[in-house]
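A short write-up of the structure that comes next.
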Number of protein chains: 2
Amino acid sequence: MKKTVSIEKRKTFRHGDLRNALVTAGLDMARAGGPNAVILREATRQAGVSPNAAYRHFANQAALLDAVRSACISRVAAAIEEEMSKPRVARDPQMFARKSLRAVGMGYLGFAMREPGMFRTAFSVPPPVYEQNSANTASMGLNPFQLLSLALDRMLESGLLSRKDRKDAEYLAWSTVHGLALLVLEGPLHKMPREIVLTLGERLVVMVERGIS
Amino acid sequence: MKKTVSIEKRKTFRHGDLRNALVTAGLDMARAGGPNAVILREATRQAGVSPNAAYRHFANQAALLDAVRSACISRVAAAIEEEMSKPRVARDPQMFARKSLRAVGMGYLGFAMREPGMFRTAFSVPPPVYEQNSANTASMGLNPFQLLSLALDRMLESGLLSRKDRKDAEYLAWSTVHGLALLVLEGPLHKMPREIVLTLGERLVVMVERGIS
DNA sequence: CTATGAAGTAGACATCGTCCACATACGCTA
DNA sequence: TAGCGTATGTGGACGATGTCTACTTCATAG
């Protein structure tokens, strides 16, 4: 239980990179136990620093949590990007668009199953991203929402989606996989086997593809 | 801020109905602030009782939260039932089935918008309801999941759904509205206006109807 | 009428977030 | 190069929460 990671009893008075150390520690806790497990004091402990030192870098524990969440969102974006980059060749534009949408959905779901704690942390309470984007990106420079938009744009361009149906389609598609993920991670479907979840995910994507237009 | 509800400084040593009083207090807190706001000590305070008294009725605060969640789920079920009972006449079976599904979805979403705290409490962490039902019902004696199943059965019976597509369809449909609700309540769509949410909800139901078969 | 056990009380402890006052030493300026 | 201002950490304290171990009260079964 007592993990006490990396407490080298630093000799310099200054830590040198405390802010980062705290976020990293917070990320570990988030990974292991979700947003509620991100304890400010524990983070300072792991960084080998007194509790109050944290307040030189974060206004309060909510601010720390916020930084951790931001990191988590980036991970989600990275997972989606990786899934999107899998299909090497993409000759048929429509097939390409379809595969893109599928990749976004399954990348999202896959990450949720692989890293429940980080996923739950990424999408909890206070980041009003509606009509507003601030970082949280991965290598491609896009956040999860923007990656989804990209996939939907490909569907529009390839003629799979009318301009009218394209509007706000991200919210429809997003709701779908997000719902499944949360029902499984912190909802009544807690005990559903992961493989079944992914199978349902595939059906979900098909459903979106068919029902959205 | 200080609500201090109903502290009549009871004269009898026994409270008489403490368990219920605690759940009620917990429900109030859940309504106001979601699952994290359900504080054991505060509940005992509102019941006019010492903190430890709670331990005569609940093993720990998690157990109290569990009771509160159960109550919240019943409320959800009630909301859905009400929405389902609205369409008086139902001549065409297919139309009836469609309306039923719509009612479940919109009842669910509507409750989420009306009672965010209770909704968030209802579907958080630990009630493994997958392949298992224990109470949490409303007047009709069905929990939200069973009400959804009922609607889908109507679609099957009226020929709107093949037997194959009917299988596990509840998870697909459920994920959809649940996702939208949570993205809005405790996710990035926090600031999305309620009316827009409901409009998206309608589109979502249509999407399910079309894409599910 | 009594004793037994369920329901409540009292006090204590560890942990958390956070505030205030104080200490340290990095790096710029004179 | 000496000195100093301030960013960064430390120490101690406070109130709040969950929970543990006694102790008390009293309704009721025998």
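So that the names make sense, note that chain A is the first sequence line, chain B the second, and so on, each numbered from 1.
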Between C/dA7 (C1') and B/L22 (CG): distance, integer Å: 12 Å
Would you mind reading off the distance between B/R45 atom CZ and C/dG8 atom P, rounded to a whole angstrom? 17 Å
Can you tell me if the side-chain N/O atoms of A/Y55 get under 4.0 Å from OP1 or OP2 in C/dT18? yes
Under a 3.5 Å cutoff, is there a donor and acceptor pairing between the side chains of A/S100 and A/R154? yes
What do you reckon, is CD of A/E115 surrounded by more than 12 foreign heavy atoms closer than 6.0 Å? yes
Is a side-chain donor or acceptor of B/R210 paired with a backbone partner of A/R210 at a separation under 3.5 angstrom? no
Whole-Å distance, A/I39 CD1 to C/dA14 P, equals 18 Å
Strictly under 4.0 angstrom, non-hydrogen atoms only: write out the protein contact profile of nucleotides 5-14 of chain D, one letter per nucleotide from the 5' end, B, S or -. --BBBBBB--
Earlier contact from the 5' end, DNA chain D, for B/L40 and B/T12: B/L40
Closest non-hydrogen atom pair between B/L198 and B/M106, with its separation: O-CE, 3.6 Å
note: A/N36, atom CG; D/dG18, atom C1'; distance rounded to Å ~ 15 Å
Grab the CD-P distance between A/E42 and C/dT15 for me, whole Å please. 11 Å
Is there side-chain contact between B/L101 and B/L148, with heavy atoms separated by less than 4.5 Å? yes
Establish, from distance only, whether the side-chain atoms of B/S124 and A/E186 form a donor-acceptor pair under 3.5 Å. no
